[in-house]
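Notes follow once the structure below has been shown.
Along the sequence shown, residues are numbered consecutively beginning with 1. Side chains are part of it too, since the values below use all heavy atoms of this structure and drop only hydrogens, waters and symmetry mates. Please read these numbers as outputs of a predicted model, since none were measured by experiment.
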Amino acid sequence: MTAQRQVDGKEVAEHNSCEKGVWIVVHGHVYDVTDFLDEHPGGAEIILRYAGMDATEEYEPIHPPDAIIDNLDPSKHIGALIPSTLPKPANSSPTPAPNSVAVVQKTTSATGEEEYVKPPLEEILSLHDFEAVARRTMSRRGWNYYSSGADDEITMRENHNAYHRVWFRPRILRNVGTVDYSTSILGFKSSMPVYITATALGKLGHPEGEVTLTRAAAKHNIIQMIPTLASCSFDEMVDAAVPGQVQFMQLYVNSDRSRTQKIIKHAAERGVKALFITVDAPQLGRREKDMRTKFEGAASAQQSQGGDNFKRDQGAARAISSFIDPSLNWSDLKELMDAAQGMKIILKGVQCWEDAVMAAEAGVDGVVLSNHGGRQLDFAPSPIAILPSVVSALTARGFMNNPLRPRFEIFVDGGVRRATDVLKAVALGATAVGIGRPMIYSMSTYGEEGVSKALQILKDEFEMNMRLLGAPTMADVVPSMVDISGLNAPSGSDTMYEANYERMLPVGVKAKL
C-alpha cells in the first residue's frame with residue numbers, strides 16, 4: 001500500500017452491495033473486494049455478509065494475516081479507516097469473538113451445562129481431560145470445526161476405538177532402570193515417536209494460533225507439521241521456531257500449479273525438511289456439525305432486505321478449501337518431487353496397502369496412513385487396522401526391513417489419546433504417530449502452557465508404559481509385544497472418549513450455548 005488515505009467509516013458503510021461496490025474493513029484497513037467476489041475460495045456470500053462493515057472478526061480465525069494483501073491488487077487497498085467512524089450495524093448486538101478463549105471460570109458450555117468451573121492446568125491428567133475442558137469452554141464455532149467428522153462420524157470414532165482391540169504382550173525381568181523413548185523421524189531426532197500433525201484454523205481456538213504449537217514443540221524437541229490452511233502465516237510459524245528446530249509442511253495441491261510450485265519453493269528456502277502431500281481430499285467431506293454452525297446467527301440487514309442468496313450451510317472447512325485440485329493423480333508426483341529441492345516427500349492419506357506399495361514404487365520417502373481424522377469418507381478404515389497389511393505388503397516387496405534400500409517410513413494419525421496407542425503403532429511397524437485434535441484442544445484451553453503440559457503427559461506415559469512393557473528403548477518395541485488377533489472384532493465403549501464425544505443432533509435441534 002502506498003499513500004495511506006484516511007477513510008471515513010460512513011463512506012465504507014455506503015459500499016454495502018454489488019451495485020454500490022463492496023468494501024470491507026480488516027485490521028483497520030479498507031479494501032474494495034467487489035471484483036474479488038467470484039474468486040473468493042469461500043464464495044461471495046460470506047463477503048457480502050460483511051459488505052460495508054468490519055470483517056476482521058470473521059476474517060482473522062480462518063486466514064493468514066496477509067491473505068487479503070496477497071490476493072488483492074494494490075489498487076483495491078483503499079486506505080486506513082478513521083477510528084470510531086464506522087457506523088454500528090442496526091441489527092447488531094454485542095457478541096463474543098468466535099475465537100475467544102474462555103477466561104472466566106464459570107461459563108455456559110457447548111454441552112448446555114449452565115455452570116462449568118474450568119479446572120486449573122495442574123488438575124489435567126490426560127489428553128482426554130483437555131478435550132473435556134475444550135468442549136465446555138470453546139466457542140460453538142471452534143468446537144464444531146475441530147470436533148466434527150464426516151457424515152455419521154463412524155470412522156472418526158473407529159480411529160480411536162480400533163486401538164482398544166490391540167493388546168500388549170508384556171515381557172518381564174528386563175532392565176528398564178533407564179527408559180529412552182527418543183527416536184528418529186525421516187532422519188531427524190525427536191524426543192518421542194510423536195509429531196504435531198497439521199490442523200487448520202488455529203485461531204478458532206486461541207488468538208495466537210499455531211505459533212503456540214511451534215513454541216511448545218521446540219520446548220519438547222518434537223516436530224511440528226505446518227498446515228497449509230493455518231490461521232497464522234507460514235513465515236510466522238517458521239520465524240517462531242528456535243534455531244535448529246525441525247519443521248515439516250503439509251501441502252494441499254492447488255488447481256493453479258504455479259501457486260503450489262511457489263509454496264514448495266518458499267518452504268525449501270525457509271528450511272522445511274519434509275513435505276507431506278495430502279492425497280485423501282479431492283473434495284472435502286460433509287462435516288455436518290461444522291456445516292450447521294453457519295445457521296447460527298442472522299444475516300446482515302442488506303441480505304435480509306435485499307434477498308441476497310447467503311448460504312450458511314457449508315461450514316468453515318468448505319469455505320477455505322475450494323482451491324484444492326481434484327485432478328491430482330499419480331502422474332503428478334514427479335513434478336512435485338522435482339520441485340521439492342531435497343525435501344523428503346510423504347503422501348498423507350493412504351488408506352490401503354495397494355496405494356502404499358504404489359507410493360513406494362513412485363519413489364516417495366514414506367506414507368501416512370490416515371483418513372483425515374475421520375473427516376473425509378465415512379467408513380474408511382482406521383489407520384491402525386490397516387497398518388499390519390501395509391507393513392506386510394511393503395516388506396514382501398523389499399521396501400521395508402531391507403538393508404539394501406533406503407528406509408521407507410510409515411506414519412499413522414487419527415484417534416490417538418495415549419502413549420499406549422503410539423506404542424501399539426510403533427510395535428506394528430510405524431515410525432511415529434501424528435497427533436492433531438488433542439494438541440489443538442490443549443492450545444484452545446490453556447494456550448502454550450497447555451500444549452506443553454499435553455506433551456509432558458505423553459512423555460510420562462511413555463516412561464511408565466515402556467517400563468511395564470519391558471522395552472527400555474523404542475527399538476525394543478517390536479511386533480511380538482502386541483496381539484492383534486482381535487483387531488477386526490467389535491470394540492467396547494471407552495468411558496473417557498465417549499464422555500467427550502458430542503453426539504450429532506437432528507436438523508432443527510441446536511446445542512445450547
Exam field: side chain [X] to backbone [Y], donor-acceptor pair closer than 3.5 Å:
X: S231; Y: K203; value: yes
X: D460; Y: I457; value: no
X: K453; Y: L121; value: yes
X: T260; Y: N254; value: yes
X: Q376; Y: G285; value: yes
X: N144; Y: K289; value: yes
X: Q341; Y: A268; value: no
X: N371; Y: P381; value: yes
X: R174; Y: G470; value: yes
X: K273; Y: L186; value: no

Give a yes/no verdict on a cation-pi contact between [X] and [Y], requiring under 6.0 Å between NZ or CZ and the six-membered ring centre and an angle within 45° of the axis.
X: R467; Y: Y181; value: no
X: K262; Y: F234; value: no
X: K424; Y: F168; value: yes
X: K118; Y: Y446; value: yes
X: R157; Y: Y497; value: no

Under 4.0 Å between a Lys/Arg side-chain N and an Asp/Glu carboxylate O for [X] and [Y]?
X: E131; Y: R437; value: no
X: D239; Y: R270; value: yes
X: E449; Y: K219; value: no
X: D332; Y: R257; value: yes

[X] side, atom [atom1]; [Y] side, atom [atom2] - distance, nearest 0.5 Å:
X: D378; Y: D152; atom1: CG; atom2: CG; value: 6.0 Å
X: S452; Y: M443; atom1: OG; atom2: CE; value: 14.5 Å
X: D365; Y: L347; atom1: CG; atom2: CG; value: 9.5 Å
X: E361; Y: D355; atom1: CD; atom2: CG; value: 11.0 Å
X: Y163; Y: L487; atom1: OH; atom2: CG; value: 10.5 Å
X: M400; Y: R405; atom1: CE; atom2: CZ; value: 12.5 Å

Using the rule given for side chain to side chain donor-acceptor pair (under 3.5 Å), can you reason through E335 versus Q261, listing the C-alpha separation, both sets of side-chain angles and the distance that settles it, and then say yes or no? CA-CA 9 Å; E335 175 189 347; Q261 294 278 349; 3.0 Å; yes

Minimum-distance pair of heavy atoms, taken over all atoms of [X] and [Y]:
X: R169; Y: V482; value: CD-O, 3.9 Å
X: I185; Y: V194; value: CD1-O, 4.3 Å
X: G373; Y: M156; value: O-CG, 3.6 Å

Is there a side-chain contact between [X] and [Y] (heavy atoms, below 4.5 Å)?
X: E210; Y: I226; value: no
X: L455; Y: M192; value: yes
X: Y441; Y: S147; value: yes
X: V272; Y: L251; value: no
X: P383; Y: N159; value: yes

With sequence neighbours excluded, tell me which residues meet side chain to side chain donor-acceptor pair (under 3.5 Å) with E409.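 Only T431 meet the side chain to side chain donor-acceptor pair (under 3.5 Å) criterion with E409.
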
For S258, side chain to side chain donor-acceptor pair (under 3.5 Å) partners two or more places apart: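 If we apply the side chain to side chain donor-acceptor pair (under 3.5 Å) test to S258, skipping adjacent residues, the hits are D256.
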
Indicate whether the side chain of D483 and that of S485 have a donor and an acceptor atom separated by less than 3.5 Å.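 Yes, because at least one side-chain N or O of D483 sits under 3.5 Å from a partner of the opposite role on S485.
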
With K189 via salt bridge (charged side-chain N to carboxylate O under 4.0 Å, His left out) - residues at least two apart: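 With neighbours one apart ignored, the set is empty.
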
Just wondering, are more than 12 heavy atoms of other shown residues or ligands nearer than 6.0 Å to CD in E354?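 For E354, atom CD is crowded (more than 12 foreign heavy atoms under 6.0 Å).
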
With a 6.0 Å cut-off (strictly less than), is the heavy-atom count around CH2 of W330, excluding the residue itself, greater than 12?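 Yes.
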
Step by step, work out the side chain to side chain donor-acceptor pair (under 3.5 Å) result for T420 and E461. CA-CA 8 Å; T420 49; E461 289 184 356; 5.9 Å; no

Could you please spell out the steps behind the side chain to side chain donor-acceptor pair (under 3.5 Å) verdict for T395 and N401? CA-CA 6 Å; T395 300; N401 304 312; 3.3 Å; yes

Which is it for D180 and S182 under the side chain to side chain donor-acceptor pair (under 3.5 Å) test, yes or no, and what are the steps along the way? CA-CA 6 Å; D180 180 5; S182 66; 2.7 Å; yes

